[in-house]
2 protein chains.
Amino acid sequence: MRTRDRILETALRLFNEQGYGAVTTAALAAECGIAEGNLWYHFKTKHALLEALSERFAAMLEARLAMPASGDALEDYVQLLAVAMHEFRSFRFFFRDQPTYGEHSELVRARAPQWLERSFDQLEARLVALADSGLLDWPRERLRDLAINATIILRYGLEHYRELGVPTEAGSGTVRRTLERHLTLFEHRLTPAAAARLHGALAEIESAALAA
Amino acid sequence: MRTRDRILETALRLFNEQGYGAVTTAALAAECGIAEGNLWYHFKTKHALLEALSERFAAMLEARLAMPASGDALEDYVQLLAVAMHEFRSFRFFFRDQPTYGEHSELVRARAPQWLERSFDQLEARLVALADSGLLDWPRERLRDLAINATIILRYGLEHYRELGVPTEAGSGTVRRTLERHLTLFEHRLTPAAAARLHGALAEIESAALAA
DNA sequence: GCGATTCTAGGGTAAGAACCCTAAATACCG
DNA sequence: CGGTATTTAGGGTTCTTACCCTAGAATCGC
């Protein structure tokens, strides 16, 4: 792996764990196992790290929002869960720390609202597909609310479990717990086969998140 | 108002708005309209501010958890909403900024998990009362999940709306929005009169939060 | 009115943090 | 192999921040 990428991966991890402001450039360099001068070779300022991470985040998010539906409602839902959870987890400091940066990442700040609305749209469309396939019994006019509530739970699940004192590091099962938590919103309205499939998918999603 | 209290109220507001780490003691003093030396007269360190706020938070939270139910299921629910939302809003930086303090507020950290579990218990009991009164049609075995999901939405609603780019300062209607958001979880299973009462209570709750 | 408490103004310190600089060593790639 | 790119080590600067210190003024409360 190129050093520049290693720096970004490590910065992302530390920012998520400790918050942007609490991660010193000296600590980041040490965590990467490089001299601090090397960090400055690759990035002009600490903020440049943030900007680079913003671009990665934006690319990932846009890719997720552009994901086509295959037509298999259940598998499409599972795939969306996998991708969205990976993203929410991977870049959670962006939203949590927003008041902290001083100078905000303008890229993220400007687009967060529309990204979120499009996330609702996307999840709603997947839920509509489930309902239209007869896998989910839910009135059409309430699917939007379900999509929004599910998004909130998925988005904030990790924070929720941190608050609950449950370990949240990779491999701790928190992604799976978050997914299960969101399923409680509607699993009783799924067909038994669909519910079983979704539950079965949770371990796969967590494993995939670990491997990524 | 005594200066010490003014300092704490102002610190709380700024910490909520900007994050603990981003609020300098110089800015805090200026916002209070006092000389910085006066701040140090009242508080030995910045962290002492955090500890003092922790104690207030804990007292408020314990009082909320100890709230007796009057027996009127609907009014008890409304009252709990009012108190809990006020608390979630008033002390939101405590949870959001937890990775940022460096030295955590041990008081909050040690107790957050049990506070949260007891919050679930409390909300569940209120929902049970609604169901037992025939105001809410919801299977008993799923009321716990409803309580947890509602708590997450109430807890993180303000962050959610901030992410959505909706103004969140006092008076902006975000408390009301958050309350409405949580109602979408179960309002369709309330009796029409109960639903109307809860919706009607939202403006009251927001007004009360503003007056506080 | 007086002693105690609170507040001010203005100067200061130490530590930490982001980032700079430079020369030399090391690694990479065609 | 040689030129280029990357990395190191070690020294440094500037700015910011939390907090200190002091003497005197202002306020408070009995």
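All values below were derived from every heavy atom in this structure, side-chain atoms included, with hydrogens, water molecules and symmetry-related copies excluded.
- As a whole-Å value, the separation of B:Ile34 CD1 from C:dA9 C1' is 14 Å.
- Salt-bridge formation is detected for the pair A:Asp5/A:Arg2: a Lys NZ or Arg NE/NH1/NH2 atom is positioned less than 4.0 Å from an Asp or Glu carboxylate oxygen.
- Seen from the ring of B:Phe88, B:Arg155 counts as a face-on cation partner, given the 6.0 Å and 45° thresholds.
- Atom-to-atom, OH of B:Tyr41 to P of C:dT6 comes out at 3 Å; the value is rounded to the nearest Å.
- Each of A:Lys46 and B:Arg4 lies near DNA chain C, and the nucleotide nearest B:Arg4 is the one positioned closer to the 5' end.
- Salt bridge status for B:Glu159 with B:Arg162: present, with a side-chain N to carboxylate O gap under 4.0 Å.
- For the pair A:Phe43 and B:Gly33, nearest-nucleotide mapping onto DNA chain C gives the more 5' position to B:Gly33.
- The aromatic rings of B:Phe186 and B:Trp138 sit perpendicular to each other, their planes meeting at more than 60°, with 30° as the lower class boundary.
- The nucleotide range of DNA chain D contacted by chain A, defined by atoms under 4.0 angstrom from heavy atoms of the protein and reported 5' to 3', is D:dA5 to D:dT8.
- Residue B:Leu39 is classed as having no contact, given no heavy-atom separation below 4.0 Å to the nucleic acid.
- Recorded end-axis angle for the helix from C:dG1-D:dC30 to C:dG30-D:dC1 stands at 40°, based on five pairs per end and rounded to 10 degrees.
- Closest approach of B:Val23 to B:Leu28, counting heavy atoms only: CG1-CB, 4.4 Å.
- The aromatic rings of A:Tyr77 and A:His182 lie parallel to each other, their planes meeting at an angle below 30°, with 60° marking the opposite boundary.
- Under 3.5 Å, the side chains of A:Asn38 and A:Thr3 contain no donor-acceptor pair of N or O atoms.
- Taking atom CD on A:Glu36 and atom C1' on C:dC20, their separation rounds to 11 Å, with Å as the unit.
- The phosphate of C:dA18 (OP1 or OP2) has a side-chain N or O of A:Thr25 nearer than 4.0 angstrom.
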> B:Glu163 and A:Trp115: side-chain hydrogen bond (donor to acceptor under 3.5 Å, both in side chains), yes or no, with the steps?
Replying inline: CA-CA 10 Å; B:Glu163 189 175 338; A:Trp115 278 335; over 6 Å; no
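- Protein atom CG of A:Leu28 is 14 Å distant from nucleotide atom C1' of C:dC19, rounded to whole Å.
- In this structure, B:Glu17 pairs ionically with B:Arg13, as a charged nitrogen and a carboxylate oxygen lie closer than 4.0 Å.
- Phosphate contact (OP1/OP2 of C:dT8, side-chain N/O of B:Asn38, threshold under 4.0 Å): present.
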